[in-house]
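To start, the structure itself, in structure tokens.
The figures here come from the full heavy-atom set of this structure, side chains too, leaving out hydrogens, waters and symmetry mates. The shown structure was predicted, so the numbers you read here are calculated from the model rather than taken from an experiment. Residue numbers begin at 1 in each chain, while the letters A, B, ... track the order of the sequences.
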There are 2 protein chains.
Amino acid sequence: MEPMARAATTSDVFNAIAEPQRREILALLRAGERSVTELAQELGMTQPGASKHLRVLREVGLVRDRKAGKQRLYGLDASGLRPVHEWTGGFERFWNESFDRLDAYVQDLNQTRKAE
Amino acid sequence: MEPMARAATTSDVFNAIAEPQRREILALLRAGERSVTELAQELGMTQPGASKHLRVLREVGLVRDRKAGKQRLYGLDASGLRPVHEWTGGFERFWNESFDRLDAYVQDLNQTRKAE
DNA sequence: TTGACGTATGCCGATATCGGAATACGATGG
DNA sequence: CCATCGTATTCCGATATCGGCATACGTCAA
């Protein structure tokens, strides 16, 4: 059997958003469609760099592209983020429910603040 | 300058949960603390495999460990998932707000169904 | 101490990833 | 057709990742 290194970045949204620059792209696209060059400029990356990240995002369906003359405009398709939101949401009750140590920490924090 | 390949998996929650087996571990830990061997068994991985994933999860703070005699019990600390939940939540309005194309697609779909 | 059990670490090979640079592809306009 | 602009792809080197295996480490009990 061949060893497998990691789930392919394509076809896996969790992996796609593991990369900070790709998250930045998604965040920026909330403001509207952008061409590749615009994205690259606004995020301070090279054009090929932007293209490559966009390719990954496209392949997992987080982004759509359409031609606009010479340019290619990329737009958000955030529906793929929903599973991630829901998966993390499955832990919501666990981050409200505080652990002993966490409680102590918060106590300390409040105490310190009042003392200043 | 030296090229950098990817943000270290440690110190990055997004990367830590990009790995399916680590997500399984977290999900399982919602049911309560587990020893390494128990985790490995229940998830069908080797003990060293489980240990390594747990190390990553521990380093990003998603998991805590405490000694219990010979064993080491791992428990969930889901607070680190909150940022992920909130980040994806920032796109919530975009997956309800439908795109033109998507609208058309849904229209078509309903139309087709009624016609059958 | 010694042995047994539970866990962590180290090493390995195969593969994936990322950034940079060069270049190929594609479309538009002259 | 040709030049230009916008974009995608390819090749590269450095590094990271993951699984498997062996083994070191740690803890308890006899």
Side-chain angles (χ1 to χ4, degrees), chain A residues 1-26 28-29 33-60 62-75, chain B residues 1-26 28-29 33-60 62-75:
Chain A
M1 294 164 211
E2 310 123 21
M4 226 179 5
R6 168 180 249 190
T9 172
T10 178
S11 84
D12 185 343
V13 175
F14 280 90
N15 246 305
I17 65 171
E19 162 59 53
Q21 307 216 63
R22 287 198 284 264
R23 290 202 296 276
E24 288 181 41
I25 291 178
L26 294 175
L28 185 53
L29 286 183
E33 291 181 323
R34 292 279 190 287
S35 76
V36 178
T37 310
E38 283 169 342
L39 278 169
Q41 266 185 326
E42 301 189 50
L43 297 178
M45 35 181 154
T46 66
Q47 176 270 312
S51 262
K52 285 184 223 170
H53 284 312
L54 286 167
R55 178 177 163 87
V56 174
L57 292 172
R58 194 192 331 136
E59 286 177 344
V60 301
L62 287 173
V63 132
R64 325 163 158 269
D65 62 305
R66 75 184 171 84
K67 293 186 192 177
K70 236 185 280 196
Q71 301 189 328
R72 182 167 289 263
L73 296 185
Y74 280 88
Chain B
M1 292 169 206
E2 310 122 20
M4 226 180 3
R6 166 181 250 189
T9 172
T10 177
S11 85
D12 185 343
V13 175
F14 280 90
N15 247 305
I17 65 171
E19 162 59 55
Q21 307 217 62
R22 286 197 286 262
R23 291 201 295 277
E24 289 182 40
I25 291 179
L26 294 174
L28 185 53
L29 287 182
E33 291 182 323
R34 292 280 190 285
S35 74
V36 178
T37 309
E38 283 169 343
L39 277 169
Q41 266 185 327
E42 300 189 49
L43 297 178
M45 35 181 153
T46 66
Q47 176 270 311
S51 261
K52 284 183 216 171
H53 284 312
L54 286 167
R55 178 178 162 89
V56 174
L57 292 172
R58 194 193 331 139
E59 285 178 344
V60 302
L62 287 173
V63 132
R64 323 162 159 269
D65 60 304
R66 74 184 171 84
K67 294 186 193 175
K70 239 185 276 195
Q71 302 188 326
R72 181 166 290 262
L73 296 184
Y74 279 87

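- Rounding to whole angstrom units, CG of residue B:Leu54 and P of D:dC18 are separated by 13 Å.
- Between B:Arg34 atom CZ and C:dT7 atom P there is a gap of 13 Å when expressed in whole angstrom units.
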Could you give me the CA-CA distance, side-chain angles and deciding distance for A:Leu54 and A:Leu39, then say whether side-chain contact (heavy atoms from CB on, under 4.5 Å) is met? CA-CA 10 Å; A:Leu54 286 167; A:Leu39 278 169; 3.8 Å; yes
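- Proximity of A:His53 to the phosphate of C:dT17: no side-chain N or O atom is located under 4.0 Å from OP1 or OP2.
- Per the geometry, CD belonging to A:Glu19 stands 10 Å off C1' belonging to C:dG19, to the nearest Å.
- If you measure from atom CG of B:Asp12 to atom C1' of D:dT17, you get 14 Å, rounded to the nearest angstrom.
- Each of A:Leu29, A:Leu62, A:Val13 was compared with A:Leu57 under the side-chain contact (heavy atoms from CB on, under 4.5 Å) criterion, and only A:Leu62 meets it.
- Partners of B:Gln71 according to the side chain to side chain donor-acceptor pair (under 3.5 Å) rule, which considers only residues two or more places apart in sequence or in another chain, do not exist here.
- For A:Ser51, the side chain to side chain contact (heavy atoms under 4.5 Å, CB included) criterion is met by A:Val36, A:Gln47, not counting sequence neighbours.
- Atom-to-atom, CZ of B:Phe14 to P of D:dA16 comes out at 21 Å; the value is rounded to the nearest Å.
- The shortest side-chain heavy-atom distance between A:Ile25 and A:Met45 falls under the 4.5 Å cut-off.
- Look at CZ on A:Arg58: it is 10 Å from C1' on D:dT7, rounded to the nearest Å.
- The stretch residues 35-45 of chain B touches DNA chain C through B:Ser35, B:Val36, B:Thr37, each having a heavy atom within less than 4.0 Å of the strand.
- Phosphate proximity of C:dA27 to A:Arg72: absent, as no side-chain N or O sits under 4.0 Å from OP1 or OP2.
- Contact check, B:Tyr74 against C:dA8: a side-chain N or O comes under 4.0 Å of OP1 or OP2.
- Looking at every heavy atom in both residues, A:Arg23 comes nearest to A:Ile17 through NH1-O, 2.6 Å.
- Applying the side chain to side chain donor-acceptor pair (under 3.5 Å) test to A:Arg58 and every residue at least two apart in sequence or in another chain returns A:Tyr74.
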Considering only nitrogen or oxygen atoms on both sides, find all protein atoms under 3.5 Å from nucleotides 21-30 of chain D and state each distance.
unit_1: D:dT27; atom_1: OP1; unit_2: B:Lys67; atom_2: NZ; d: 3.2

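- Minimum heavy-atom separation, B:Val60 to B:Ala16: CG2-CB, 3.8 Å.
- Atoms CG (A:Leu73) and C1' (D:dC5) sit 15 Å apart, rounded to a whole Å.
- Residue pairs meeting the salt bridge (Lys or Arg N to Asp or Glu O under 4.0 Å) criterion with at least one member in residues 40-56 of chain B, sequence neighbours excluded: B:Arg34-B:Glu42, B:Arg55-B:Glu59.
- In terms of phosphate contacts, A:Arg55 brings a side-chain nitrogen or oxygen within less than 4.0 Å of OP1 or OP2 of D:dT9.
- In this entry the distance linking CD1 of B:Ile25 with C1' of D:dC18 reads 13 Å, nearest Å.
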